[in-house]
Amino acid sequence: MATGYPTRADLTVVGAGAAGLYAALCAAREGATVALVSATPLAASASYWAQGGLAAALAAEDSPDRHYDDTVKAGRGAVRRSAARVLCGEAPARARDLEQLGVHFDADRRGALVLGLEGGHSIRRIVHAGGSATGRRITRDLSALVAEEPRVAVLEGHRATRLLVADGARCVGVATAEGPQVRSRAVILATGGAAALWARTTNPPGTIGGGMLLAHAAGAALADLELVQFHPTAVVADEPLDGFLVTEAIRGEGARLLDGAGERFVDELAPRDEVALAIQVRLRESGTPAVMLDMREVDPTHFPNVVATLRQGGIDPVRKLVPVAPAAHYVMGGIATDLDGASTLPGLYAVGECACTGLHGANRLASNSLSECFVFGQRAARRALEQFAPEPSGGPVQERGIGGSPVPSEGTRAALWRHAGLERDAEGLARLLEDPHPLARVVGACALTREESRGAHRRADAPTTDPALDERHVVVAPGASPAFEHWS
């Protein structure tokens, strides 16, 4: 890791989660200099808390085509098929590259990878590192590599608040709230998602869509912000345990969901939108705050951090049922990009949860998101370095920022949960158009535009799926109203 604060680099990466770390390393391996801007210390990003694994067709009986079929089926007719082909075709190579970088995935006594099963997958294909501590292990290992890489300069504790745009048409760097400005050939945003905008969420407080707002303010389009996945099994308890995510892999190992009468009421390994909605219906019918997850028959040694966290909160899952209910977990939408992570603003790229390639459609297939970080992180780093020569000197440069704090008020978070939760209608969504938070307004506008129910987007006033909207994405260009586009 280089010392000091650089004023120039070949590439600037904003965000030190899995996507940002890997993109920075890929660029450095190409011989590029990288400025990595991170609001948090290394290995303290949202990726650190990720319990899911990495989906890749690594088993002999699996194939990228089978993974692709599962992805498209889960996405409810809204998946960008070319993005799914890229993800499913390249994920195995990225998993092997991570192994070569020193990430140790869970293996049996013979050294064969232990593959997990999660909802929507037709076969075991999820690789983990330390069971449900996968995010922690991978970000720790990649952070250590970044810290040792002399071509990467890390600006820890710095928040990118403005993008530098040359001649009104190309992103050429970032400026931070703490002062340093970095000029570069291109910028990759890897700033994470926006699910913490909702009152009940599995996400840490910082996942509020700051990178999406920054990109939009600089001139980039956003897409599909109405498509928000609600994880079915977030703990219902007092703080700090409330909202703690119990990974889907636990259901893959036999945990069951029970209603108040102790009866199973849903296929636990159905896609997440189905499971979450089934729980929501049960809660509404019973008037209770939670259903119960029975993981008493699951080997606790396979999920040590989940078990330890539950026990610290007063729930021993080996002996007791765990109260759970849905919570906002993952925003399928974000900064609209192509298959190399390029946004509509030249020189600006986005990868990971802040981006929207169309891969996830209307319902993300479990553990595709971590694979997405590595597949598209590598593609974005390569494309940015190939496409953009050093910035011509002497041209006018503007600083474009969001002009205020992206932190939502409790009122905004409550409004999103109430009006853009698991079930929505036009009357409630219209109220979001007056919300003081700019991203809440875009969510409301996108959800009003999609007058149907599809995957995670459930309109009570439009309960059926409109075939005319298959593979259509709601795109919001700066200063324009949302409009449908078909992405090839």
Side-chain angles (χ1 to χ4, degrees), residues 40 43-53 118-119 128 130-137 139 192-208 228-260 262 266 268 272 275-276 278-280 282-283 286-330 366 408 410 413-414 416-418 421-422:
T40 62
S45 67
S47 297
Y48 180 88
W49 302 104
Q51 294 181 23
E118 296 183 0
H128 292 91
S132 52
T134 301
R136 182 179 306 177
R137 292 280 186 90
T139 53
L197 287 174
W198 279 255
R200 178 166 165 77
T201 181
T202 64
N203 284 210
T207 49
I208 53 176
V228 181
Q229 187 171 76
F230 294 84
H231 199 285
T233 52
V235 173
V236 177
D238 294 333
E239 294 290 350
L241 192 60
D242 191 56
F244 175 71
L245 183 148
V246 180
T247 174
E248 191 161 324
I250 286 176
R251 283 178 273 139
E253 297 304 319
R256 302 179 302 158
L257 284 165
L258 308 176
D259 62 16
V266 67
E268 289 86 357
R272 286 178 176 173
V275 181
I279 293 174
Q280 181 78 353
R282 271 294 194 275
L283 298 182
S286 65
T288 56
V291 297
M292 294 297 174
L293 180 68
D294 184 358
M295 49 184 289
R296 291 174 294 184
E297 301 301 318
V298 175
D299 186 343
T301 64
H302 290 174
F303 306 95
N305 68 320
V306 172
V307 173
T309 300
L310 290 172
R311 284 173 172 166
Q312 289 169 7
I315 302 172
D316 185 352
V318 175
R319 296 182 175 85
K320 295 181 179 180
L321 302 179
V322 181
V324 296
H329 179 58
Y330 190 95
E410 290 305 309
R413 298 183 70 226
L416 280 166
W417 181 256
R418 183 181 309 114
L422 273 80

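What's counted below: heavy atoms across the whole structure, side chains too, no hydrogens, waters or symmetry copies.
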(message) Side chains of V324 and L257, heavy atoms from C-beta outward: is any pair under 4.5 Å?
(response) yes

(message) Is there a side-chain contact between I315 and P323 in this structure, where contact means two heavy atoms from C-beta onward sitting under 4.5 Å apart?
(response) yes

(request) With sequence neighbours left out, write down each residue that passes side-chain contact (heavy atoms from CB on, under 4.5 Å) with P300, or none if nothing qualifies. (result) V307, V318

(request) Could you list the residues that satisfy side-chain contact (heavy atoms from CB on, under 4.5 Å) with S286, not counting sequence neighbours? (result) T288

Looking at [Y], is its backbone amide N or carbonyl O close enough to the side chain of [X] to form a donor-acceptor pair, meaning the two atoms are under 3.5 Å apart?
X	Y	result
T134	H128	no
T207	G192	no
E118	E248	no
R413	A196	yes
N203	H329	yes
R251	E268	yes

Looking at [X] and [Y], what are the two nearest heavy atoms and their distance?
X	Y	result
P326	F230	CB-CB, 4.3 Å
A278	V266	CB-CG2, 3.8 Å
A328	A195	CB-O, 3.8 Å
G254	V298	C-CG2, 4.3 Å

Which value, rounded to the nearest 0.5 Å, describes the distance between [X] atom [atom1] and [Y] atom [atom2]?
X	Y	atom1	atom2	result
M295	I250	CE	CD1	3.5 Å
I208	W198	CD1	CH2	12.0 Å
Y330	T202	OH	OG1	12.0 Å
L310	L293	CG	CG	9.0 Å
R272	I279	CZ	CD1	12.0 Å
K320	R311	NZ	CZ	11.5 Å

Ignoring hydrogens and angles, write down the donor-acceptor pairs under 3.5 Å from the side chains of residues 235-246, residues two or more places apart or on other chains.
residue	atom	partner	partner atom	Å
D242	OD1	R200	NH1	3.4
D242	OD1	A237	N	3.0

